[in-house]
Amino acid sequence: MFDISDKTKFPPIFGSNHAGFLTTGPLKEDWTKPCPLEWTFKERGEKCISFQEAIYGTERLARLEAIKKAIDPQFMFNCSNCIGNNLPEASKSPSPPAETAPVDEPSGASFVSSFAVAIIATAAYLLINMV
């Protein structure tokens with residue numbers, strides 16, 4: 001199904017709807033071995049295939065990251081587990097233009113994140129209390 005002879009091109013192995021909080025791909029050095037759960041996040045990041053690469057595969061993830069950079073070069077729309085959030089540029093906060101002062105208003109993204117958390121918490125509450 002996939003050509004795994006090229007160890008620089010990891011194939012997609014699962015769908016995002018099947019990925020959990022601690023999901024990672026296998027070890028980078030041996031794709032037949034799972035990433036150990038007892039490792040720290042730092043160890044997993046260094047030695048295991050990333051969450052996004054395990055979902056999209058190496059080639060598709062690179063293509064999606066290039067699109068993300070072209071469409072959103074300032075990383076205004078950045079969130080946990082989103083395409084491009086693992087790029088070094090995403091961790092840098094864009095500086096405001098020199099002629100305008102920084103604004104302390106919440107962004108639309110923070111509102112959407114808060115709304116999503118409220119929906120998830122409500123759904124969890126309903127599921128727990130229905131049992």
Which pair of heavy atoms, one from Cys48 and one from Gly25, lies closest together, and at what distance?
->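 Cys48 and Gly25 have their closest heavy atoms at CB-O, 4.0 Å.
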Distance-minimising heavy-atom pair for Pro26 and Trp31 | CB-O, 3.3 Å
Report yes if some heavy atom in the side chain of Thr23 is under 4.5 Å from a heavy atom in the side chain of Phe14; otherwise report no.
->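 Answer yes - side chains close enough.
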Do the non-hydrogen side-chain atoms of Cys35 and Ile49 ever get within less than 4.5 Å of each other?
->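 A side-chain contact under 4.5 Å is absent here.
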From Arg44 CZ over to Leu27 CG, what is the distance, rounded to the nearest 0.5 angstrom?
->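 Here the rounded value is 10.0 Å.
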What's the spacing between Lys9 NZ and Glu53 CD if we round to 0.5 Å?
->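 Spacing of NZ (Lys9) from CD (Glu53) equals 12.5 Å.
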Crowding at CD, Glu43 (>12 non-hydrogen neighbours, <6.0 Å) = yes
Treat each ILVMFWY residue as a node, draw an edge where side-chain heavy atoms are under 4.5 Å apart, and state whether Ile13 and Leu64 are in one component.
-> yes
Residue pair Phe10, Leu61: steps toward the side-chain contact (heavy atoms from CB on, under 4.5 Å) verdict = CA-CA 10 Å; Phe10 188 77; Leu61 180 60; over 6 Å; no
Heavy-atom donor-acceptor pair, Glu65 side chain to Ile83 backbone, under 3.5 Å =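 Judged by distance alone, no pair lies under 3.5 Å.
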